[in-house]
Participant: 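Encoded as structure tokens, here's the structure I'll be asking about.
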2 protein chains.
Amino acid sequence: MNALFKALNDPTRRAILELLREQPRTAGEIADHFQFSKPTISHHLDLLRQADLVSSDKQGQFVTYTLNMTVMDELLGWLLQFKS
Amino acid sequence: MNALFKALNDPTRRAILELLREQPRTAGEIADHFQFSKPTISHHLDLLRQADLVSSDKQGQFVTYTLNMTVMDELLGWLLQFKS
DNA sequence: TAGGTGTTTAGACAAATGTCTAAATAATAT
DNA sequence: ATATTATTTAGACATTTGTCTAAACACCTA
């Protein structure tokens, strides 16, 4: 839960999630959408992976990142606890 | 949205929200539930207020904090965008 | 085996964060 | 008035965070 909120507490990381909502993308493709350096984006992806918000799959030299919804459900559950 | 995620990115602040879920409480009552100093809790309450997650109401020397659900709905909306 | 491309790791650094103590403010009670 | 209680403000300080550049690693191609 800590890693989840930590990962979500950054606008760039949230934008990455919204980007991946459309389709999986490679690290490079993701980086191209932002003005930060590739190492910076790589670090953001690492935090998203630590929170289990994305999964990564290496195919050759490319690493493809995919959105992982299951952990969002955990957040949803936490949130719904307040709606009652 | 930034202030919201920032406010949620701390276990103490999330615990405060869960505490206020039961009923409104004064700053002192809230502080009594934690081992941190009162100024520290006061600061946490300030961040929660900035995110509009709680509202505060001063009556005499006591300040009562109340959970505000409307902004949680905003988060819920953001979350549901991924569920489709 | 080289050289090129995609990605991550390492290390540095300024800015933000969470905590504390001491002091200030505000309301109440004697 | 003075002291007591409730809360916040101010300032300090160590830790964490987001960013960068330079270098390393991994894979591919000729």
Side-chain angles (χ1 to χ4, degrees), chain A residues 1-20 22-68 71 75 78, chain B residues 1-20 22-68 71 75 78:
Chain A
M1 209 65 175
N2 256 319
L4 175 56
F5 282 108
K6 174 177 172 176
L8 292 177
N9 186 31
D10 181 274
T12 303
R13 289 195 289 271
R14 293 197 298 274
I16 291 174
L17 291 178
E18 291 173 16
L19 194 63
L20 293 180
E22 303 161 13
Q23 60 189 290
R25 295 187 192 271
T26 68
E29 285 170 345
I30 295 168
D32 287 344
H33 282 77
F34 300 93
Q35 294 188 321
F36 300 114
S37 70
K38 287 182 182 184
T40 291
I41 298 299
S42 184
H43 179 233
H44 282 313
L45 289 170
D46 188 38
L47 290 178
L48 289 172
R49 194 147 30 79
Q50 281 178 43
D52 213 33
L53 280 163
V54 304
S55 60
S56 64
D57 178 48
K58 181 162 191 168
Q59 291 167 7
Q61 35 183 353
F62 296 87
V63 177
T64 298
Y65 285 84
T66 307
L67 189 60
N68 178 15
V71 81
L75 175 55
W78 182 83
Chain B
M1 210 63 172
N2 256 320
L4 174 56
F5 281 109
K6 173 177 172 175
L8 293 176
N9 185 30
D10 181 274
T12 302
R13 288 195 289 272
R14 293 196 297 274
I16 291 175
L17 292 178
E18 292 175 16
L19 194 63
L20 293 180
E22 304 162 13
Q23 59 190 288
R25 296 188 192 270
T26 67
E29 284 171 347
I30 295 168
D32 288 344
H33 281 78
F34 300 94
Q35 294 188 322
F36 300 115
S37 71
K38 287 183 182 182
T40 292
I41 298 299
S42 184
H43 179 232
H44 282 313
L45 288 169
D46 187 39
L47 290 177
L48 288 172
R49 194 147 33 79
Q50 280 179 43
D52 213 33
L53 279 163
V54 304
S55 60
S56 64
D57 177 48
K58 181 161 193 171
Q59 292 165 5
Q61 34 182 355
F62 296 87
V63 178
T64 298
Y65 285 84
T66 308
L67 190 60
N68 179 14
V71 80
L75 174 56
W78 182 82

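Naming: A, B, ... by sequence-line order, numbering from 1 per chain.
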Participant: Are OP1 or OP2 of C:dA26 and a side-chain N or O of B:K58 less than 4.0 angstrom apart?
Facilitator: no
Participant: May I ask you to say what B:D32 touches in the nucleic acid, namely base, sugar-phosphate or nothing, with a heavy-atom cut-off under 4.0 Å?
Facilitator: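 Since no nucleic acid heavy atom lies under 4.0 Å of B:D32, the category is nothing.
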Participant: How many whole angstroms separate atom CZ of A:F34 from atom P of D:dC20?
Facilitator: 13 Å
Participant: Side chain of B:H44 only, please: which of D:dT19, C:dG18, C:dT7 is the nearest?
Facilitator: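 Closest nucleotide to the B:H44 side chain: C:dG18.
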Participant: Look at the side chain of A:T40 and decide which nucleotide, out of C:dT8, C:dA27, D:dT19, has an atom nearest to it.
Facilitator: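 Nearest listed nucleotide: D:dT19.
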Participant: Could you tell me whether the side chain of B:R14 and the main chain of B:L8 form a donor-acceptor pair under 3.5 Å?
Facilitator: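 At least one qualifying donor-acceptor pair exists.
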Participant: Does B:S42 place a side-chain N or O at less than 4.0 Å from the phosphate oxygens OP1/OP2 of D:dT9?
Facilitator: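 No, because none of the side-chain N or O atoms of B:S42 sits under 4.0 Å from OP1 or OP2 of D:dT9.
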Participant: Starting from the 5' end of DNA chain D, give me the residue, A:Q35 or B:S56, whose nearest nucleotide shows up first.
Facilitator: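 The residue whose closest nucleotide sits nearer the 5' end is B:S56.
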Participant: Grab the CD1-P distance between A:I16 and D:dT19 for me, whole Å please.
Facilitator: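 Rounded to whole Å, this separation is 10 Å.
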Participant: State which of D:dA6, C:dG18, C:dG4 makes the closest approach to the side chain of A:Q61.
Facilitator: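 So the side chain of A:Q61 is nearest to C:dG4.
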Participant: Taking the minimum atom-to-atom distance to the side chain of B:V63, which one of D:dA26, C:dC20, D:dT8 wins?
Facilitator: D:dT8
Participant: With the side chain of B:P39 defined as its heavy atoms from C-beta on, choose the nearest nucleotide among D:dT9, D:dG18, C:dG6.
Facilitator: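 Shortest atom-to-atom distance from the side chain points to D:dT9.
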Participant: Do A:L75 and A:V71 touch side chain to side chain, with heavy atoms closer than 4.5 Å?
Facilitator: no
Participant: To the nearest angstrom, how far is A:I41 atom CD1 from C:dT7 atom P?
Facilitator: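 For the pair A:I41 CD1 and C:dT7 P, the rounded distance is 12 Å.
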Participant: Without decimals, in angstroms, what is the distance between A:F36 CZ and C:dT8 P?
Facilitator: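 Going from CZ in A:F36 over to P in C:dT8 covers 17 Å.
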Participant: Counting heavy atoms from C-beta on, name the nucleotide in C:dG18, D:dC27, D:dT8 closest to the side chain of B:K38.
Facilitator: D:dT8
Participant: Is there side-chain contact between B:L17 and B:R13, with at least one heavy-atom pair below 4.5 Å?
Facilitator: no
Participant: In whole angstrom, give the distance that lies between atom CZ of A:F5 and atom P of C:dT17.
Facilitator: 17 Å
Participant: Side chains of A:T64 and A:T26: closer than 4.5 Å at any heavy-atom pair?
Facilitator: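 The answer is yes; the side chains approach within 4.5 Å.
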Participant: Is any side-chain heavy atom of A:I30 closer than 4.5 Å to one of A:L20?
Facilitator: yes
Participant: Does any part of the side chain of A:L19, heavy atoms only, come nearer than 4.5 Å to the side chain of A:Y65, both counted from C-beta?
Facilitator: no
Participant: Under 4.0 Å, counting only non-hydrogen atoms across every strand here, what does A:D46 touch: a base, just sugar-phosphate, or nothing?
Facilitator: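 Since no nucleic acid heavy atom lies under 4.0 Å of A:D46, the category is nothing.
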Participant: Roughly how many Å is it from CG in A:D57 to P in D:dC27, rounded to a whole number?
Facilitator: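 One finds 13 Å between P of D:dC27 and CG of A:D57, rounded.
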Participant: Taking only the side-chain heavy atoms of B:S37 (C-beta and beyond), determine which of D:dT7, C:dT21, D:dT19 contains the nearest atom.
Facilitator: C:dT21
Participant: How close or far is atom P of C:dA16 from atom CG of B:L47, stated in whole angstroms?
Facilitator: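 After rounding, the reported distance stands at 14 Å.
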Participant: Using whole Å, report how far NE2 of B:H43 lies from P of C:dT17.
Facilitator: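 Checked: the NE2 to P distance equals 8 Å.
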Participant: Between D:dC27, D:dT8, C:dT8, spot the one nearest the side chain of A:Y65, thanks.
Facilitator: C:dT8
